[in-house]
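Notes follow once the structure below has been shown.
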Amino acid sequence: MIRVAALLSIGRHPASGRARRAGLDARGLELALRMPNAEVRAFHAGDPHAASLRDYLGMGLETLNVLNVAPGCDPVPALVEALRGVGPDLIICGMRAEAGEGSGMVPYLIAEALGHAVVCDAAAIECASGTARVVQGLPRGRRREVVVTLPAVVLVNSAAPAARAPAFARARRGRIVPHPVEAREDAFLAACEMRPWRARPKRMAVPSGGSAQERMKALTEAKAGEGRLLVNPVPEEAARAVRDYLVEKRFLRGAGDGDGRG
Amino acid sequence: MAGALAGWLTVGLLVAAVVIAVHHSRRWRAGAAAEVDLVAGLKALPKRYLVDVHDVVGRKPFNARFHALTAGGFLASLVLLVLAVVPWFRGPLLWGLAALALALMLAGALMVGWRRHVVKPTELSGGRFARLPVSLIAYAAGLLVVALDRVAGGALPHGVTLVLAGVGLFGGADLLVGVGRGPLKHALHGALYLVAHPRPGRFSGRDRGGERKRDSALAPLNLDDAKLGVEVPLDFAWNRLLGFEACVQCGRCESVCPAYAAGLPLNPKALIQDLVGAMEGGAADYAGHGHPGRSVAGARGPHLPVVGEGAAIHPNTLWACTTCRACVDACPMMIEHVDVIVDLRRFETLEKASAPGKAPGVLEELRIADNPGGFPAVRRIDWAFDLALPLAREREKFDVLLWLGDAAFDLRGQRSLRAFIRLLKKAGVDFAVLGEDELDCGDLARRLGDEATFQDLARRNIARLEGLSFRRIVTMDPHALHVIRNEYPAFGGAFEVVHHTALLLELVEGGRLTLGSLSGTLTYHDPCYLGRYNGVTEAPRRLLDMLGMERREMEFSGLASRCCGGGGGTSVTDVAGDRRIPDVRMEQARETGAACIAVACPNCTVMLEGVVGPRPEVKEIAELVLEATE
């Protein structure tokens, strides 16, 4: 039996701006729910009346513990205290929240306070006695397996399996258990100015000179391949070229390339 | 002697049949409670049988005739044979009448035999049904000779008449005692189902156009119920279970089902029989076609879940239905297959969240962003920036509200909308759009079983619409039309909704649009939600006929139109079959040789345009009308 704590935040739909379950936290909960032989407890720091918390219950949680942290207060001390009380082997949450500061710092601060290791970019978790094998999902589809001694904090990214859909009836039946906590106002947050995010236009490198048609062509034309063209190569040569390419792109570990694992 | 004996044995058989039927009724009476007005149902029974059922059966006149002969002769002969018990009645008159009834029945029975053993339509089930003509003929022929013998005053030796009476009553026994399992089951349960039908509204007469009233709106689900939707057979209301018992396995649903035709794992007949089997429990007693690509059903029983990988109905069967209502329209027993599908989907979605494919994501977007793609609300209107559409919230009063629908998010749909908007402007119609304030109508969520999201969208749309002052709504999307016209009233929204083809017809007939003449050939594809759901098949055809093009009809058209495959959420659940449903439909369009297929629904446009060429060109009616005005 492994004890898992899932930290769940309230997200924000990018188009409608409405509150929802946070995508990465939901993936974290999905990993937790899929773990065999795990006792999953879920925590949220914030308003226990927030309707979107029901989405997590809809995924199959029976109870969700909500630390009643007032808006504008720092949730970290409350979370740390609650987690200390439970003493989980594994703490799972998303890499970054969708609303609020969204700094991605909360799990690191919690891990620091509890003295746990942190594994980021998790795509899959498999627990053995005292350790967990975590598969990290790295850019361009690369995967790396790391082994971490428990207890640990594992941060899930979007390479993890998609979260199951919440079921209306389960969401309705699940229980939200509020816990009163004392939280300090977050002075840093109070000092910040909040503005909606908007995409900045990207400046294109515009080629100068030539006719309009030539400039357009320079912008849109596909560049000729940078690779080598082998015509009727002998098999050894072709294999070497493929191998060199894979080593160059770090799919294979080349000779003398110690940390090129991935 | 043989006559009196036949009479007494008939009485005995009838008593046995009643006992068996009462015993059998425990099965369907165990269903959930339902509000049924039995008195009104009993009063309406003759009309429901003679008009509504006959309407459907009579689409195959041969079948209507053998029913009249066989059932009429059988019932009359039973009455006369029972009378033969009383010595006072026993005379040449009684036996003469009995002979007449039995002769008519024999003619009918021979027709049944002809159909089952010579014509052999593939959609018919075998098994017990194959024996039916034998029993009918044995009963009618055996007793006919006995009756004639009585009329003639006993010309035949006693032994012969006794043997013949025995043969007749053996046939009769197979028919009457089979009331709980055999083919005669449908006569009794069909009649009871007509009395207690869950949709009495569908029998309430004809609308102004002379069309049968179409009671096609789904019933709202009480979201506070302890269990949402149907999990086990006994969660169905008792009158629904009664309807399954009424199924006679004629296979008319099978031959009209678009999913079955394309080899998707759904056969409506097998679906209903799966449910009958689930009530019975145990092994399958079904000798018809199954769900394509699926083997026999799994574990089943009245208290076992209906849907599941190893249950009575495989999830793929459930999610292959396009909710096109072709089966409902074709069913002579008035079974409501689509209600069944939606009841089962409601449990799957609301309790288990197990809708397959892209459905979960789409439902979540609908819930949080009010449209299936999760787009910003402004995207519903930003493509029309250059058209400077009048916004409803900026107008105090206007005539027509243009409901844009989901098509507004799709490039192809925008092209159709543009054509229609140009026509509205040409005709000087005083219209406005909700624009950013428009939410998804909820059709997709509801058909996928997500009643919670549907009700939320419906209530919010109604609140927005009620704050405005306009006369009626026009939409190009028959799904939105159906939902707003027929399903919003249950939530307090009563709005007049017209389809854009009806409005265009009105504008042309009123002289506000003048049409030039186009050349070429076209065929018209009826959208299910306009035709079968709302009975509108003639207005679009009249409009098309004004364009001066030659109109040809496809193999399935009008109320019998074949679905494009885009309804009921099948485009997001995406259950695979041998072929795609739109490919099957397009084949029918190709067969007409028409150069153009006119459509009146954005879903049909997308589905049919997805068919690889060469194929007729797919054009929205508004696009054709616009062409004719230019």
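Quick note on labels: first sequence line is chain A, next is B, and so on, each numbered from 1.
The contact between A/Pro166 and chain B is made by backbone and side chain atoms together, counting heavy-atom distances below 4.5 Å. A/Arg173 touches chain B through its side chain: at least one heavy atom from C-beta onward sits under 4.5 Å away, while N, CA, C and O do not. Only the side chain of B/Leu228 has a heavy atom closer than 4.5 Å to any heavy atom of chain A. B/Asp225 touches chain A through its backbone: at least one of N, CA, C or O sits under 4.5 Å from a heavy atom, while the side chain does not. Only the backbone of A/Ala19 comes within less than 4.5 Å of a heavy atom of chain B; no side-chain atom from C-beta onward does. In this structure, chain A has heavy atoms under 4.5 Å from both the backbone and the side chain of B/Leu223.
Rounding to the nearest 0.5 Å gives a distance of 13.0 Å between CZ of A/Phe168 and CG of B/Leu363. The line from CG of B/Leu350 to CZ of A/Arg172 is 8.5 Å long, rounded to the nearest 0.5 Å.
Heavy-atom pairs under 4.5 Å with chain A peak, among B/Glu365, B/Arg379, B/Arg367, at B/Arg367. Per-residue counts of heavy-atom pairs under 4.5 Å with chain A were compared for B/Thr349, B/Asn371, B/Val378, B/Asp370; the largest is that of B/Asp370. Chosen from B/Ala369, B/Ala377, B/Ser354, the residue pairing most often with chain A at heavy-atom distances under 4.5 Å is B/Ala369.
For A/Arg21 and B/Glu364, the salt-bridge test passes: some basic side-chain N is under 4.0 Å from an acidic carboxylate O.
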